[in-house]
S.K.: 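First the structure, then my questions, so here it is.
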Amino acid sequence: MQFKCVNCGGNVVYDPKSGNMICVSCNSVNSEEIVKQEDSYTCPACGGALKVNDFTSATRCEYCGAYNIIDEKITYPYGPDLVLPFRFSKEQATELLRKEFKDELFCPNDFLSQRTLEDLKGNYVPFWLYSYDTHAVWSGIGTKVRKWRSGDIEYTEISEYNVYREMDIDFKRIPVDASIPMPDQIMDLMEPYEYKDLEAFQPKYLSGFQGETYNQTPVELEKRAKSKADMDTEAWLNSTMTGYNSLRPSQKQFTHQPNAREFAMMPVWKYVYRYHNTNFEYYINGQTGKVYGKLPKSTSKIFFAGGTLFAGILLLLKVLQFVVEVL
Ligand SMILES: [Zn+2]
Ligand SMILES: [Zn+2]
């Protein structure tokens, strides 16, 4: 489908700044009507063939510039449950990149020039969001060491404690990207997203952007979700076991009972800058403005790094039993 202006016939796209649909030709606000394609792979505005791969759900017609949404890729079984609309526009994304790199010693002159800006694109990246009811049991030995001096003698007292912890944790929406072309590690660095802006999916948000449906099934990616849940469970357990010089587990058992799974589209600006025949990639979280990238010859940078490693996970501690600490 395509969003067309009822006033002038121009292409209507979603504007992250105002949250409105805007006609790129006459600037009318919310003047769109939906035009269906004869077939999903032909632009209804100009009849040009759309350049798509197996996963493309939204793309720009390379002949007339109109944005197209591929109906088959936004409906069952490929349709998203949720979407997090872009909040940073292309201009704002450019500004963020400029600001972060302007003082760099090796920033090349044409970085973010008008010509190279063509390669800054807004992408809706497919994510599976996993929710779990987790039960964690940890038991083992904690050691505390006390040292003191009396006269010429130094004393060391080592005390061992039986330590036992049992926790129930509700993990809400652990995000795992389901896009093969998007590097997993960088997508993890784009976190956290603020889930309060998640909405039920509407195709209009894709107009003006690139989009893809999931490339990997939720079953294929479950391992990554569970390892994120493991790491966070471990961190929570550790935060309740401070004050020991060492901890030796004898039993550690985490069970993650799935309770929900959703498919969401997350906003990411991607800029590809070509320098001396090498591509350098930059990513910006389209909701929070967090920037990732490195300039040629310069070291990696992560900005707005706020959040914790595991942020994006809403954690509710239901039961916390610290018992059995016996000398
Ligand atoms: Zn118009
Ligand atoms: Zn076209």
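If you're wondering where the values come from, they're calculated on a predicted model, not measured in any experiment. Values below: all heavy atoms of this structure, side chains included; hydrogens, waters and symmetry mates excluded. Start at 1 and go down the list; that is how both ligands and their atoms are numbered.
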S.K.: Less than 6.0 angstrom from the centroid, inside 45 degrees of the normal: does Lys226 satisfy that with respect to the ring of Tyr130?
M.R.: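 No cation-pi geometry.
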S.K.: Check whether more than 12 heavy atoms from other residues, nucleotides or ligands sit under 6.0 Å from atom OH of Tyr78, and answer yes or no.
M.R.: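 12 or below, so no.
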S.K.: For the CD atom on Glu154, are there more than 12 heavy atoms of other groups (residues, nucleotides or ligands in this structure) within a distance under 6.0 Å?
M.R.: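 It does: Glu154 CD has more than 12 such atoms within range.
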S.K.: Please walk me through it: do Gln185 and Tyr292 pass side-chain hydrogen bond (donor to acceptor under 3.5 Å, both in side chains)?
M.R.: CA-CA 11 Å; Gln185 210 196 345; Tyr292 171 86; over 6 Å; no
S.K.: Under 2.8 Å from the Zn ion (ligand 1), which protein N, O or S atoms are there? Could you list them by chain and number?
M.R.: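 Those protein N, O or S atoms (cut-off: under 2.8 Å from the Zn ion (ligand 1)) are Cys5 SG, Cys8 SG, Cys23 SG, Cys26 SG.
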S.K.: Using atom types as modelled and distance alone, determine if a side-chain donor or acceptor of Asn11 lies under 3.5 Å from a backbone N or O of Phe3.
M.R.: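 Such a contact is found between Asn11 side chain and Phe3 backbone.
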S.K.: Between Phe101 and Tyr282, does the ring centroid distance fall short of 6.0 Å?
M.R.: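 Yes; Tyr282 has its ring centre under 6.0 Å from that of Phe101.
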S.K.: Is the Phe263 to Trp128 ring centre distance short of 6.0 Å?
M.R.: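 Yes, close enough.
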S.K.: Check for me: within less than 2.8 Å of the Zn ion (ligand 2), which protein N/O/S atoms show up?
M.R.: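 Near the Zn ion (ligand 2), below 2.8 Å, one finds Cys43 SG, Cys46 SG, Cys61 SG, Cys64 SG.
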S.K.: Give a yes or no on whether the ring-centroid distance for Tyr273 and Phe111 is below 6.0 angstrom.
M.R.: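 Here the rings of Phe111 and Tyr273 have centres that are less than 6.0 Å from each other.
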S.K.: What's the spacing between Asp177 CG and Asn215 CG if we round to 0.5 Å?
M.R.: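 If we round to the nearest 0.5 Å, Asp177:CG and Asn215:CG are 8.5 Å apart.
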